[in-house]
Visitor: 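Got a structure for you, written out below as structure tokens; questions coming shortly.
Note that the numbering runs from 1 along the sequence shown for the chain. It should be emphasised that the depicted structure is a prediction, and the values quoted were computed from it without experimental measurement. When a ligand or atom number is given, it counts from 1 through the structure's own listing order.
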Amino acid sequence: MITTSSWTTTKSEEIFQTAQNLMPGGVSSPVRAFKSVGGQPIVFDRVKGAYVWDVDGNQYIDYVGTWGPAICGHTHPEVICALHEALEKGTSFGAPSALENVLASMVIEAVPSIDMVRFVNSGTEACMAVIRLMRAFTGRDKIIKFSGCYHGHADMLLVQAGSGVATLGLPDSPGVPKSATASTLTAIYNDLESVKSLFEANPDSIAGVILEPVVGNSGFVPPDAGFLEGLRLITQEHGALLVFDEVMTGFRIAYGGAQEKFGVTPDLTTLGKVIGGGLPVGAYGGRQDIMSMVAPAGPMYQAGTLSGNPLAMTAGIKTLELLQKPGTYEQLDKITKKLSEGLLQIAKETGHPACGGQISAMFGMFFTVGPVRNYDDAKKSDLAKFSRFHRGMLERGIYLAPSQFEAGFTSLAHTDEDIDRTLEAAREVMSGI
Ligand SMILES: *Cc1c(COP(=O)(O)O)cnc(C)c1O
């Protein structure tokens, strides 16, 4: 049934070749270029449900879901229908609209930490603003992030690993001044001691801690039991804020995000991806006393021409409505568990050291014995093997994230049959790599 003989990508290659001269690396966002897995990316033509089609007419089962937003499946008819109606009324207002109240109310009701919310246009923007807010509220400059956690591309957050726990962060990218990251301290995920020692070394100067409550940006790395609770305690002890970056996990790990799932309530939360239903949206929110600092209620400036955009609000509202239906998260968990357990079983049977897991509609598998508890562990993965696996799956019509260090996503549109086909392909590929 699965065959690679008909797989040709001539048009993708042509288009991507042309793109090289038009945009840096031929893309609008780096990971899309497939650099970390080698080979050429496929160029998309259209998406529907659990599937994507490339410009050569090949169909793939999609486990990227436009990096998270497509949790109801691509181009869900109800979302599309609502967008058609909204489109007739205008594409941008730059003025208050009732739609913002609707989505804001839904977010506030769903996410335990959020009493008030501000909409922005991307996850990057949300994280950038939330750092400013942490600093404005506490009057402190330093922040703690974890190596391997991604919070968008703002200067002060472009600090990853490499530098030791106690050292001040050095920028990951040219163009980021040292001064921009000098106040960013880096800790080790799932290591409370690394956080405690930073607080002890920097008394009364740390505004707060930001993290992915379940990591998706160094592959799928869940928090150890007690890790999130420990962070809650440490931050409270030191008068610092705890921020969950739920841009990926919000409305995916559970309707109320990782904070609902794990029962730990941060002070502030960032959102993105799912809440835009496939249109550009980000948001940050939290305790009323903190959010009241944001302009024009308070002095912390932050603004946006397209923020609260009516089309984006509409897609977000419809998507959340679909997710509210009974049984959605059970279905997501069931289908994703089948996939995750199946992949690990096949790896075992075909003799590949591997580890991984899933929560709700988020999963990952590393080609290493594991366990993977942080970024350093993740980096022990066999990246060459992952590249061969990725290419083999692509050739068999399975679209996986083109990096070992990205989580995978399922949707309400993925069927048992899709998972069976995926596992069948995985068995073939793993037998040959
Ligand atoms: C994707 C992501 C971001 C950045 O969001 P963009 O919309 O790409 O700017 C920030 N934080 C996390 C956890 C993310 O997964």
Visitor: Show the atoms of ligand 1 that are less than 4.0 angstrom away from any heavy atom in G123.
Guide: 4 (C), 5 (O), 6 (P), 7 (O), 9 (O)
Visitor: Indicate whether any N or O donor in one side chain lies under 3.5 Å from an N or O acceptor in the other, for S411 and H414.
Guide: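 Per modelled atom types, S411 and H414 side chains form a pair under 3.5 Å.
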Visitor: Salt bridge or not between E229 and R232? Use side-chain N to carboxylate O under 4.0 Å.
Guide: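 Judged by the 4.0 Å cut-off on N to carboxylate O distance, E229 and R232 do not form a salt bridge.
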Visitor: With a cut-off of 4.0 Å, which atoms of ligand 1 are near a heavy atom of E212?
Guide: 13 (C)
Visitor: Answer yes or no: is there an ion pair linking R287 with D115, defined by an N-O contact shorter than 4.0 Å?
Guide: no
Visitor: For ligand 1, which is the ligand I care about here, please tell me if E125 has any N or O atom under 3.5 Å from one of the ligand's N or O atoms.
Guide: no
Visitor: Report the member of M128, K273, E406, H151 with the shortest heavy-atom distance to atom 14 (C) of ligand 1.
Guide: K273
Visitor: Output the list of atoms in ligand 1 that are nearer than 4.0 Å to some heavy atom of G152, sorted by atom number.
Guide: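 Atoms satisfying the 4.0 Å criterion: 4 (C), 10 (C).
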Visitor: Among D224, N190, D191, exactly one meets side chain to side chain donor-acceptor pair (under 3.5 Å) together with R373. Which residue is that?
Guide: D224
Visitor: Would you kindly specify which portion of T270 sits under 4.0 Å from ligand 1, judged on non-hydrogen atoms: side chain, backbone, both or neither?
Guide: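 Within the 4.0 Å criterion, T270 makes no contact with ligand 1.
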Visitor: Strictly below 4.0 Å, N to O, side chains only: are E260 and R252 in salt-bridge contact?
Guide: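 Salt bridge absent between E260 and R252.
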Visitor: Regarding T269 and Q259, do their side chains bring together a donor and an acceptor under 3.5 Å, going by distance alone?
Guide: yes
Visitor: Quick one: are the ring centres of F389 and F367 less than 6.0 Å apart?
Guide: yes
Visitor: For atom 11 (N) of ligand 1, what is the nearest protein heavy atom, given as residue, atom name and distance?
Guide: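 Its nearest protein heavy-atom neighbour is D245 OD2, 2.6 Å.
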Visitor: For ligand 1, which is the ligand I care about here, please tell me if C127 has any N or O atom under 3.5 Å from one of the ligand's N or O atoms.
Guide: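 Min N/O separation from ligand 1 is not below 3.5 Å for C127.
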Visitor: Show the atoms of ligand 1 that are less than 4.0 angstrom away from any heavy atom in M248.
Guide: 15 (O)
Visitor: Using a strict 4.0 Å cut-off to heavy atoms of S122, name the atoms of ligand 1 that fall inside it.
Guide: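 In order of number, 7 (O), 9 (O).
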Visitor: Is the closest side-chain donor-acceptor distance between Y51 and D418 under 3.5 Å?
Guide: yes
Visitor: Around atom 4 (C) of ligand 1, find the nearest protein heavy atom and jot down its residue, atom name and distance.
Guide: T124 N, 3.7 Å
